[in-house]
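Everything on this sheet refers to the single structure shown next.
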Amino acid sequence: LSAEIGLTYDQLAVLRHLGAACAGLFPIVVDGILVGCLYADRVGVGPDPDPATLGLISRLRYLAARAIALKGLVRAGRRG
């Protein structure tokens, strides 16, 4: 969400509640199950994240999901 683009009233209300100019919520999914999320916000005015930054966030989300999945395999005694 970004105050820089057209938002619905509810989306704008979320940003106001958070005191943020920009916020992102990126789900972490393992085997089709939502297991967590990455959250980031910015309170100051500035440009929205560029495609390279969003790409890094996507990579971090993938690595987090992979680590969680591997941890589950180790706990279950199945390495893979």
Side-chain angles (χ1 to χ4, degrees):
L1 300 175
S2 171
E4 299 293 315
I5 60 171
L7 298 175
T8 67
Y9 176 80
D10 289 339
Q11 291 169 331
L12 192 54
V14 168
L15 285 181
R16 284 189 186 138
H17 178 75
L18 296 172
C22 177
L25 186 64
F26 307 91
I28 299 172
V29 178
V30 176
D31 294 331
I33 299 170
L34 178 66
V35 297
C37 65
L38 297 175
Y39 170 81
D41 68 26
R42 181 182 63 232
V43 295
V45 176
D48 289 343
D50 60 25
T53 300
L54 293 175
L56 290 172
I57 293 170
S58 179
R59 178 77 175 145
L60 178 60
R61 183 174 64 158
Y62 167 79
L63 292 172
R66 180 123 169 88
I68 292 167
L70 289 174
K71 179 89 169 172
L73 289 175
V74 169
R75 277 193 182 158
R78 305 176 319 220
R79 291 193 172 173

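These figures come from a predicted structure and were not determined experimentally.
- Between Pro27 and Arg61, the closest side-chain pair of non-hydrogen atoms falls below 4.5 Å.
- Side chain of Arg42 to backbone of Pro47: a donor-acceptor contact under 3.5 angstrom is found.
- To the nearest 0.5 Å, atoms CD1 (Ile68) and CD1 (Ile28) are separated by 5.0 Å.
- Going from atom CG of Leu12 over to atom CG of Leu15 covers 6.5 Å, rounded to the nearest 0.5 Å.
- The hydrophobic clustering, which links ILVMFWY residues whose side-chain heavy atoms are closer than 4.5 Å, places Tyr62 and Val30 apart.
- Under the 4.5 Å side-chain contact rule for hydrophobic residues, Leu18 and Leu25 share a cluster.
- The stretch residues 24-39 participates, sequence neighbours left out, in these side-chain hydrogen bond (donor to acceptor under 3.5 Å, both in side chains) pairs: Tyr39-Asp41.
- Note on Phe26: it clusters hydrophobically with Leu60, by side-chain heavy-atom contacts below 4.5 Å among ILVMFWY residues.
- Cluster annotation: Leu63 and Leu34 are assigned to distinct hydrophobic clusters (Ile/Leu/Val/Met/Phe/Trp/Tyr, side-chain heavy-atom contacts under 4.5 Å, transitive).
- In the hydrophobic clustering of ILVMFWY residues, with side-chain heavy atoms under 4.5 Å counting as a link, Val29 and Ile57 come out apart.
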